[in-house]
Amino acid sequence: MIGGGIAGYCAALAARRNRADLTVVARAPGATALYAGGMEIIDDIDAVLGSPNHPLARLGLDAVGLAAELDSAISTLQLALGKEGVHLVGSWRSRGLYADIHGLARPANVVPDSVAAGELGNLSGKRVAVIGVPEVGDYDAAATAQALKELHGIEAFAEDISIADLPQAAALTDLYGRRAPSPRARGAAIAYPPGFTNLPADGFELLASPPSPHGWRLQQAIALGAVTAEITSFETSRGKITGARAGNRTFRADAFVLATGRHIGGGLQAGRATTEPLLALGVFHEGRPASSLGTRLHHLEYLDPAEEMRLGLMTDRRLHPMNDDGSVPYSNLYAAGAMLGGYDYGGPCGFGVPILTGWLAGQYASKQ
Ligand SMILES: Cc1cc2nc3c(=O)[nH]c(=O)nc-3n(C[C@H](O)[C@H](O)[C@H](O)COP(=O)(O)OP(=O)(O)OC[C@H]3O[C@@H](n4cnc5c(N)ncnc54)[C@H](O)[C@@H]3O)c2cc1C
C-alpha cells in the first residue's frame, strides 16, 4: 500500500481482513491530516451512479451493492479507529450540519464523537456557550457566537477563559492536547475550539480550518505501523509491478495499491498539464485525457477553479488505473483515494471516495 492517508488505511484494513501480508509505505501526512472534522461520505447514491466518470459509478456496482460496501467499509473503519481512541459516529445514511470555528456550517455524515453533539439541529432551542481563550490570536469566540446566532438562529454567547501558561502570541494549535477548561456558564451546551481533551458531558468541538486537530488525531491513529519512506520508482515485468523502490530499499509484492492522494498528498503533480509522477498513468478530465484538452481545460479552470479538482486517474471496474488511451498497463496495480478524478474532491464524497475505493482496492489486491 503506497500512501498513509485514509485511502491507504482503508485498503490496509480490507487486505488485513483477507489475511494478506502487507506493508504500508507513506512519505508524510497528506490531505487526511487537514480534514475539518466532518467526513462527507455520499449524499445521493442515484446521482452518483448517474455520473459516468464518478469513481464510485465506475465500480460497476448497483445502488444496493454500493450501499452494502459502504456499510461494511464504514463499520470496519469505526471499529478499527475506535481501538486507536478515535471514536466516529454516524453513517453514510445520516447527514448533519456542524459549525466550524468561524460559525460557518458544513455538512457531514460521519464525525468524531467529540463533534457529534454540536450538530446544529440538536442545538436549536439550547443556549450555547462558545469558549474563547484570550491568549489565542487566530480565533475569536465572540465572532463565532455572533455567526451562530445570525446564520443559524442559535442562542450563542462567548465566554472567555484565560489559560495562563500558553506561549506568547499563542495559536489554536497550542491548545492541542490540553484539558478542556470549565466555563462559569451553567445549563448551556459548550462549544470548544478543536484540540482540547476531556470535554465535559455537555461540551463539543467545533470543526477546524487547517491545521486541524481533528485531522491530526486521525492521522496519528492511522499512521501506526506504516513505514516512512518515499517510493520513487517501480520495477515492472510483463505488465506487472514487481517492486516499489524507496532509496536503497525495494518493496516486493504480488499486488500494489497506489493511494498517494492529490496535490497535497503528492499523487498528482500540477503544472501546465497535471500528471501522475510515479508511473505516468493517465490523468483525465470528465473521461477525456487531460493532455488532449490543451487550452480548453485552462479556460475551464479560469472560469471555475474547481475544474482542476475534478482531474485525476481513471480506473476500470476493479480499480486498475488506466493509461491515457484507456488501456490498463499493470494487472496487479490498484488506485484509490483522492488521486481519482471525476468527482468534486471538496464536495459530498470528500471521504466517501477514499474510504470506499481504498476498501475495495485492498480487497481486490489481496485476492490477486
Ligand atoms: C484542507 C482540506 C480540508 C478537507 N476537509 C474535509 C472534510 O472536512 N470532510 C471531507 O469529507 N473531506 C475533506 N477534505 C478531503 C479529504 O481530506 C481528502 O479527500 C482525503 O483525506 C484524501 O485521502 P487520501 O488517502 O486519498 O490522500 P492523502 O490523505 O493526501 O494521502 C496521500 C498519502 O500518500 C503519500 N504519498 C504520496 N506520494 C508518495 C510516495 N511517492 N511514496 C510514499 N508515499 C507517498 C502521502 O505522503 C500521504 O501519506 C479536505 C481536504 C483538504 C485539503
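Every number for a ligand or one of its atoms is a count from 1 in the order of the listing.
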> Who pairs with Arg245 by salt bridge (Lys or Arg N to Asp or Glu O under 4.0 Å), at least two apart in sequence or on another chain?
Replying inline: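 Once residues adjacent in sequence are excluded, the partners of Arg245 under the salt bridge (Lys or Arg N to Asp or Glu O under 4.0 Å) criterion are Glu235.
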
> Between Met322 and Asp316, does a side chain to side chain contact (heavy atoms under 4.5 Å, CB included) hold up when you go through it step by step?
Replying inline: CA-CA 7 Å; Met322 296 172 170; Asp316 69 5; 3.9 Å; yes

>> If I take atom OG from residue Ser212 and atom CZ from residue Arg217, how far apart are they, to the nearest 0.5 angstrom?
In response: 8.5 Å

> According to the ring pair (Phe, Tyr, Trp, His ring centres under 6.0 Å) rule, which pairs have a member within residues 333-368, sequence neighbours left out?
Replying inline: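 Listed once each, the pairs are Tyr35-Phe351, His54-Tyr343, His320-Tyr334.
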
> So, Ser91 and Asn109: side-chain donor and acceptor under 3.5 Å apart, yes or no?
Replying inline: no

> Who passes ring pair (Phe, Tyr, Trp, His ring centres under 6.0 Å) against Phe204, sequence neighbours left out?
Replying inline: none

> Can you pull the residues with any heavy atom under 4.0 Å from ligand 1?
Replying inline: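 Contacting ligand 1 under 4.0 Å are Ile2, Gly3, Gly4, Gly5, Ile6, Ala7, Val25, Ala26, Arg27, Ala28, Gly30, Ala31, Thr32, Leu34, Tyr35, Ala36, Gly37, Gly38, Met39, Glu40, Arg106, Pro210, Ala229, Glu230, Ile231, Ala259, Thr260, Gly261, Ile264, Gly265, Leu278, Gly337, Ala338, Tyr345, Gly350, Phe351, Pro354.
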
